[in-house]
Every structure is written in C-alpha cells, then in structure tokens.
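Just so we're clear, the structure is a prediction, and the values are computed from it rather than from any experiment.
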Amino acid sequence: QVQLVESGGGSVQAGGSLRLSCAASGNTNRYNCMGWFRQAPGKEREGVARIESDGTTNYLRSVKGRFTISKDNAKNTLYLQMNSLKPEDTAMYYCAASAFNCDYIGFHETLKYNYWGQGTQVTVSS
C-alpha cells in the first residue's frame with residue numbers, strides 16, 4: 001500500500017513562506033502526475049500545482065509566481081515552496097499521486113488521483 005505523508009504546514013503572517021513536503025513510501029518515478037490540492041472550510045478541494053514525470057509544472061493562477069512545486073526522486077519526496085503567502089491561502093493542503101499523465105486529468109479533478117496524503121494545515125494571518 002502506497003503512503004503519502006505531508007509535513008511542513010503551520011501558521012505564518014501574510015508575506016511569509018512555508019515549504020510543504022510529501023514523503024512517498026514508494027518510488028515517485030512510478031507516478032506520472034503528482035500534485036498539491038487545498039481545501040478551505042466550506043469550500044471545494046482545488047488543485048494548487050502539479051508536476052509531470054518529465055518535470056512539466058502547472059499552477060493555479062492565483063499562486064503562480066508565488067508557489068513552486070518540485071520533486072526529488074532520489075528522496076521520493078514532493079515539495080511545495082510557498083512564498084508571499086496571503087490569508088486566502090489558508091487551507092488544509094494535500095498531496096496526491098496518479099498513474100495517469102497530468103494531461104488526462106482536469107486541473108481540479110480529484111478522482112484520477114490514486115493516492116492521497118492525510119493533509120497538513122496552513123494558516124496565514126493578516
């Protein structure tokens with residue numbers, strides 16, 4: 001059974017930075033698409049960033065230029081560097097992995113992701 005474990009969440013003031021990590025129990029090379037999602041109370045889960053096996057990345061428009069997704073296959077770890085954080089970034093953040101190529105998954109689509117982490121809370125105060 002594949003496990004994804006997020007860490008790195010916390011509480012910061014607006015303008016601050018956090019780096020989220022997602023440690024996978026297996027080789028991240030086996031996943032064609034890995035992504036970060038977030039869900040705020042009362043809202044739908046939304047895609048934040050995703051990365052293909054070839055390194056191609058896509059971002060939610062509101063985080064582009066502030067967030068960077070990356071992965072270290074040697075460490076089987078996915079990262080999300082979040083800079084210039086805003087109160088509206090407050091949410092539970094989840095990492096996910098899929099056997100599908102990212103091209104076959106809608107940016108906010110969750111059903112085609114096979115594995116999910118338990119989430120890590122990010123709170124940004126103004």
For this session: Tell me yes or no: between the side chains of T77 and D72, is some donor less than 3.5 Å from an acceptor?
Result: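 Absent: no donor and acceptor within the cut-off.
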For this session: Apply side-chain contact (heavy atoms from CB on, under 4.5 Å) to the pair M92 and F37, showing each step before the final yes or no.
Result: CA-CA 8 Å; M92 185 72 79; F37 286 75; over 6 Å; no
Ignoring hydrogens and angles, tell me if any N or O in the side chain of [X] forms a donor-acceptor pair with the backbone of [Y] under 3.5 Å.
{"X": "H108", "Y": "G47", "answer": "yes"}
{"X": "D54", "Y": "T56", "answer": "yes"}
{"X": "N114", "Y": "A99", "answer": "yes"}
{"X": "S98", "Y": "K112", "answer": "yes"}
{"X": "R50", "Y": "C102", "answer": "yes"}

Measure across [X] and [Y] and return the closest heavy-atom pair with its distance rounded to 0.1 Å.
{"X": "C95", "Y": "L4", "value": "SG-CB, 3.7 Å"}
{"X": "T120", "Y": "G9", "value": "OG1-N, 3.1 Å"}
{"X": "N32", "Y": "F100", "value": "CB-O, 3.3 Å"}
{"X": "P87", "Y": "S126", "value": "CG-CB, 3.9 Å"}
{"X": "R38", "Y": "S62", "value": "NH2-OG, 3.8 Å"}

Exercise. Just wondering, more than 12 heavy atoms not from Q3 lying within 6.0 Å of its CD?
Worked result: no
For this session: Run through V124, T123, V122 and flag the one making a side-chain contact (heavy atoms from CB on, under 4.5 Å) with L18.
Result: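 Only one of V124, T123, V122 forms a side-chain contact (heavy atoms from CB on, under 4.5 Å) with L18, namely V122.
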For this session: Determine, stepwise, if the pair V63 / M82 fulfils side-chain contact (heavy atoms from CB on, under 4.5 Å).
Result: CA-CA 8 Å; V63 308; M82 305 186 295; over 6 Å; no
For this session: Report the C-alpha distance between S17 and Q81 in whole Å, list the side-chain angles of each, state the deciding distance to 0.1 Å, and finish with yes or no for side-chain contact (heavy atoms from CB on, under 4.5 Å).
Result: CA-CA 8 Å; S17 297; Q81 178 67 45; 4.0 Å; yes
Exercise. Linking I/L/V/M/F/W/Y whenever any side-chain heavy atoms sit under 4.5 Å apart, do Y94 and I69 land together?
Worked result: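 In one cluster with Y94: I69, no.
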Problem set entry | same_hphob_cluster(L20, W116) at 4.5 Å side-chain heavy-atom cutoff |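 Shared cluster, no.
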For this session: Can you measure from OG (S70) to CG (L80) and round to the nearest 0.5 angstrom?
Result: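 These two atoms lie 8.5 Å from each other.
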Exercise. So how far is it from R30 CZ to Y115 OH, rounded to the nearest 0.5 Å?
Worked result: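 Separation between the atoms: 5.5 Å.
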Taking the side chain as every heavy atom from C-beta outward, state whether [X] and [Y] have any atom pair closer than 4.5 Å.
{"X": "R66", "Y": "K86", "answer": "yes"}
{"X": "I105", "Y": "Y113", "answer": "yes"}
{"X": "Q118", "Y": "V5", "answer": "yes"}
{"X": "E52", "Y": "Y31", "answer": "no"}

Exercise. Using the benzene-type ring in the case of Trp, are the ring centres of F67 and W36 under 6.0 Å apart?
Worked result: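 F67 vs W36: aromatic centres not under 6.0 Å.
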For this session: Tell me, please, whether Y79 has R19 positioned over its six-membered ring: NZ or CZ under 6.0 Å from the ring centre and within 45 degrees of its axis?
Result: yes
